[in-house]
Amino acid sequence: MNEQTCVIDDKPWLDARQPPFIRIKNVTKKFGDFIAVNNVSLDIYRSELFCLLGGSGCGKSTLLRMLSGFELPTSGSIEIDGQDMAGLPPHARPTNMMFQSYALFPHMNVEKNIAYGLQRDGLNRQEVKQRVQEILTLVQLQDFAKRKPSQLSGGQRQRVALARSLVKKPKVLLLDEPLAALDKKLREETQFELVNIQESLGVTFIVVTHDQEEAMTLSTRLGVMDAGEIVQIGEPREVYEYPGNRFVADFIGSVNIFDGRVIEEDTNFVIIRSEEAKIDIHVSHGVSCTPSQKVSYAIRPEKIQMCLKKPKNVKNLLKGRVNEIAYMGNLSVYQIELEGGKRVRVTQPNTIRSDEGAITWEDEVYLWWDGAAGVVLTS
Ligand code: ATP
């Protein structure tokens, strides 16, 4: 197998011949006059871990609930594994939903919580026992089988809920904010566990989250939602490094935005004049734009270099004063005020322990970046 085939096998969305596993076509959901999901079309492939990411109220849970059958589309269609979902109630769909609250039965122990759905489906005792054991091993809860949910930590309860949703072997697992109840450290650990479990089972996961770091860590691809619409779909790196518009650039990670106007454009470079930062920004590649078009230039804080001595032979150079410093341990965040008052955020990794000679409050600093470090946004 050559390298190209390998990449495509790994990333079926890059191969036009691969049929999607889930096809959401022009789906709209209205509640009265209010449009919660607006004409969304989205293809998801088998074994993907796809995240729907967006702020509160953007319609991500409503979209998930339409996949599960708990909510019906006002218009549009949903197909899973070649089957139209129209008219199918939740229990008849090849999906299972893991709720944010976990919805565990408090009076049943872990084993019984997990076995419940299988028993209701009429599986024989031996098979139920075997499937419960397998899934307990997968989520590493073998030693907790006899405990009640109240005798478990938040992370363990989360794993019981996951085991209970997976034991019925759904084709698609829908997870609504699956890690929201966990504290930050546990959430980060659990993110990796979730990815490992998903990869070992190969079940397609669709995860709703408002947490962009979580979406970046978990997903094969993510869909960013705003006001009922999907505004960008892509792999985490793609969405972070090449946001399609200002909303995505701002929503995913932290970003400096310079408003400006194109003053020179060529197939190999573009120059953007930003009055607010008093700089002509050199972009070292072509951009599809018109002469004097208004654009925004977005650059991530970690892509900006900072030093006390004026650097030589750099194109994108700014001068400012250190206004704020936040020490975060692994990195420090600097807020630099430019001469015209605009503030720029810069992050630097703390690679040495000593702060001797480090840039500090009120220092006059130079900022610069490479012509390929930022993104020109035309919308
Ligand atoms: P959150 O992260 O806050 O849960 P969300 O992106 O999941 O947000 P949804 O729950 O999908 O948002 O809701 C989208 C919009 O639809 C919201 O404005 C919400 O108030 C509205 N909405 C959801 N369910 C109903 C309903 N049953 N009746 C009326 N409006 C609803």
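Throughout, numbering of the chain's residues begins at 1 and tracks the sequence. Counting starts at 1 for both ligands and their atoms, following the listed order. Just so it is clear, the model here is predicted, and its values are computed rather than measured.
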Can you tell me how the ring of W369 sits relative to the ring of F258, calling it parallel under 30°, perpendicular over 60° and tilted otherwise? parallel
Output for ligand 1, non-hydrogen cut-off under 4.0 Å, lists F31, F34, A36, G55, S56, G57, C58, G59, K60, S61, T62
Quick one: name the residues clustered hydrophobically with V231, using the 4.5 Å side-chain heavy-atom rule over I, L, V, M, F, W, Y, and just say none if it's on its own. L53, M216, L222, V224, V239, Y240, F247, V248, F251, I252
Taking only residues two or more places apart in sequence, or in another chain, which ones meet E275 in a salt bridge (charged side-chain N to carboxylate O under 4.0 Å, His left out)? none
Any side-chain to backbone donor/acceptor pair from R300 onto A249? Under 3.5 Å, distance only. yes
Salt-bridged, E235 to R221, with N to O below 4.0 Å? no
Return a table of donor-acceptor pairs under 3.5 angstrom between the side chains of residues 284-292 and protein atoms on other chains or two or more places apart.
residue : atom : partner : partner atom : Å
S284    : OG   : G371    : O            : 3.4
S284    : OG   : A372    : N            : 3.3
T290    : OG1  : Q293    : OE1          : 3.2

